[in-house]
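Accompanying notes for the structure given below.
Side chains are part of it too, since the values below use all heavy atoms of this structure and drop only hydrogens, waters and symmetry mates.
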Amino acid sequence: MPAVDLLRSSVSVTRPQDTRMTGYNRYSHHARRALTHADALVTRCQHPYMDTAHLLVGVMLTEGSIGCKVLQALHLSAKQAEPYLRTLYDTRSIAPASAHGTSVETVLMLAADESRWLGHHYIGTEHLLLGITRTNAGNASDLLHRLQKTPEQLRRRVRQALKTGETEPDLHQAKRNARLSELSRRAINAAEQMALVFDHPTVGLGHLLLVLCQETRSPTAALLRTSGLDENRLRRELINNDPLLLASIEPVLNRVLEEAEKVGSHYSGTEHLLLTLTLDPAGTALLRHYDLQAEMLRHKLQPGTR
């Protein structure tokens, strides 16, 4: 199942009304990964519904996130926690309709509150942990106690981490500032879905390049293929977590509108995304890795940019 469907599935478990998707776009990439992991844990453990303990372990599994770093600092890991998680439910039971994710819904609402109070424009794994520590709903506190930790210890650690000013990448804000065309927006969303499927810590330039090669409605696909991009090699190296491919796309999104306006466009199309990729140091290194000449691509894109 595509990662975005897994995420929507996990959120739909937690929010039974149509308003459940309110703020969906505010979730950071890492928060979406944590929810996806939590949903997978429910299936793997054969539990009747998602509870806050699944979400807590989901954050533990979200490598590279602030929440995961905080939990590691407390010497908590998914390997350590999952055996306890499996014992928190009777797998033979069927959850009553009213029980489906009520506790997780509460945590997500509290996480959104924490984000607002901190003046953040996104909901990240750090906010999910703060939400978990603010309620006795669900069984995350039971899991923490079995791991010989308390919600108060966890909350204190999160607050300490936030004092350093560290935040999770806010891809949604970058997308909004980039003034993307509808096709570009679909391309970026597809890149993010791909990163979720592969459980990558960032939405990387490699995801973007592969999407631009596959998006047949865009002129970039034909240009990249005729320029010799090996799509199978790119996909294979993405699956193998090549660090060169996982450089964040945020610098490109932060610059793309400026480059689009230079060529007379008031929006950022897929051709502008590729053009900006050829101007980014990490992007040019990536293109060179696949025997593509950034200067040649730039020359072809600039005269005919639409």
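The two atoms that bring D280 and P251 nearest to each other are OD1-CB, 3.8 Å, heavy atoms only. What you find for H47 and L85 is that their closest heavy atoms are CE1-O, 3.3 Å. The two residues Q80 and H75 come nearest to each other via the heavy atoms OE1-O, 3.0 Å. Looking at every heavy atom in both residues, L238 comes nearest to G206 through CD1-O, 3.7 Å. For the residue pair T284 and A294, the shortest heavy atom distance occurs at CG2-CB, 3.8 Å. Scanning all heavy atoms of the two residues, the minimum distance from L196 to T36 falls at CD2-OG1, 4.5 Å.
Residues Y49 and V42 form no side-chain contact, since every pair of their non-hydrogen atoms from C-beta on lies 4.5 Å or further apart. Proximity of M194 to Q214: side-chain heavy atoms (C-beta onward) are separated by under 4.5 Å at one or more points. For the pair L76 and M60, the minimum side-chain heavy-atom distance is below 4.5 Å. At least one side-chain heavy atom of K175 sits under 4.5 Å from a side-chain heavy atom of N189. Considering only heavy atoms from C-beta on, Y290 comes within 4.5 Å of L245 through its side chain. Put simply, the side chain of S77 does not reach to within 4.5 Å of the side chain of L71, judged on heavy atoms. Residues L224 and L209 have side chains in contact (heavy-atom distance under 4.5 Å, counting atoms from C-beta outward). Under the 4.5 Å side-chain criterion, counting only non-hydrogen atoms from C-beta, L223 is not in contact with L212.
R32 and H37 are not linked by any side-chain donor-acceptor pair at a separation below 3.5 angstrom, with hydrogens and angles left out of the test. R33 and H30 form a side-chain donor-acceptor contact under 3.5 Å, judged by distance and modelled atom types alone. With 3.5 Å as the limit, one finds a donor-acceptor pair spanning the side chains of S184 and S181.
Using a cut-off of 4.0 Å between Lys/Arg side-chain N and Asp/Glu carboxylate O, E259 and R298 are scored as not salt-bridged. Remark: E231 engages R235 in a salt bridge, criterion side-chain N to carboxylate O under 4.0 Å. Ion pair R155/E114 flagged as a salt bridge, since at least one NZ, NE, NH1 or NH2 atom sits closer than 4.0 Å to an Asp/Glu carboxylate oxygen.
The main-chain N or O of E215 is never found under 3.5 Å from a side-chain atom of S218 such that the two would form a donor-acceptor pair. Between the D242 side chain and the E237 main chain, no donor and acceptor come within less than 3.5 Å of each other. Of the possible donor and acceptor atoms, one in the side chain of T52 sits under 3.5 Å from a partner among the backbone N and O of N139. Put simply, the side chain of T226 gets close to the backbone of A222: a donor and an acceptor are under 3.5 Å apart. A distance-only check finds no donor-acceptor pair linking the side chain of T220 to the backbone of E271 [under 3.5 Å]. In this structure a side-chain-to-backbone donor-acceptor pair under 3.5 Å is missing from D39 to L35. Distance alone, capped at 3.5 Å, places no donor-acceptor pair between the T135 side chain and the G131 backbone. A side-chain donor-acceptor contact under 3.5 Å links T133 to the backbone of L130.
Within 6.0 Å of CD on Q153 lie more than 12 heavy atoms contributed by other residues, nucleotides or ligands. Sparse packing is recorded around CG of N136, with 12 or fewer heavy atoms of other residues, nucleotides or ligands lying under 6.0 Å away. Counting non-hydrogen atoms of other residues, nucleotides and ligands closer than 6.0 Å to CD of E295 gives a total of 12 or fewer.
Ring geometry, H120 versus Y122: the interplanar angle falls under 30°, so the pair is classed parallel (tilted spans 30 to 60°). Ring geometry for H207 against H200 counts as tilted: the plane angle lies between 30° and 60°, on a 0 to 90° scale.
The distance from atom OG of S103 to atom NE2 of H54, rounded to the nearest 0.5 Å, is 9.5 Å. We find the NZ-OG1 distance between K69 and T62 to be 12.5 Å, quoted to the nearest 0.5 Å. One distance of note links CG of L128 with CG of L56; it measures 10.5 Å at 0.5 Å rounding. Atoms CG and SG, on L229 and C213 in that order, are 4.5 Å from each other to the nearest 0.5 Å.
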> Going through the checks in order, is the side chain to side chain contact (heavy atoms under 4.5 Å, CB included) test met by L88 and Y84?
Replying inline: CA-CA 7 Å; L88 293 176; Y84 292 109; 5.7 Å; no

>> For a side chain to side chain contact (heavy atoms under 4.5 Å, CB included) check, start with the C-alpha distance between L147 and L143, then their side-chain angles and the critical distance, and finish with the verdict.
In response: CA-CA 6 Å; L147 295 169; L143 179 58; 4.1 Å; yes

> So N177 and L253, side chain to side chain contact (heavy atoms under 4.5 Å, CB included) or not? Walk me through it.
Replying inline: CA-CA 8 Å; N177 292 341; L253 289 179; over 6 Å; no

>> Using side chain to side chain donor-acceptor pair (under 3.5 Å), reason through R176 and H121 one step at a time and then give a plain yes or no.
In response: CA-CA 12 Å; R176 186 165 59 242; H121 298 292; 5.4 Å; no

> Going through the checks in order, is the side chain to side chain contact (heavy atoms under 4.5 Å, CB included) test met by Y27 and L108?
Replying inline: CA-CA 10 Å; Y27 284 80; L108 294 181; 3.4 Å; yes

> Would T87 and R146 satisfy side chain to side chain donor-acceptor pair (under 3.5 Å), going step by step from the backbone distance to the final call?
Replying inline: CA-CA 11 Å; T87 68; R146 293 194 189 192; 2.7 Å; yes

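For R116, the salt bridge (charged side-chain N to carboxylate O under 4.0 Å, His left out) partners at least two apart in sequence or on another chain are D113.
L287 is connected to L244 through a chain of hydrophobic side-chain contacts under 4.5 Å among Ile, Leu, Val, Met, Phe, Trp and Tyr, so both are in one cluster. In terms of hydrophobic clustering, with Ile, Leu, Val, Met, Phe, Trp and Tyr side chains grouped at heavy-atom distances under 4.5 Å, L257 and I249 are assigned to different clusters. Both V70 and L162 sit in one connected hydrophobic cluster of ILVMFWY residues. Membership requires side-chain heavy atoms under 4.5 Å apart, directly or through other members. Hydrophobic clustering keeps L110 apart from I66 (ILVMFWY residues linked when any side-chain heavy atoms are closer than 4.5 Å, directly or through intermediates).
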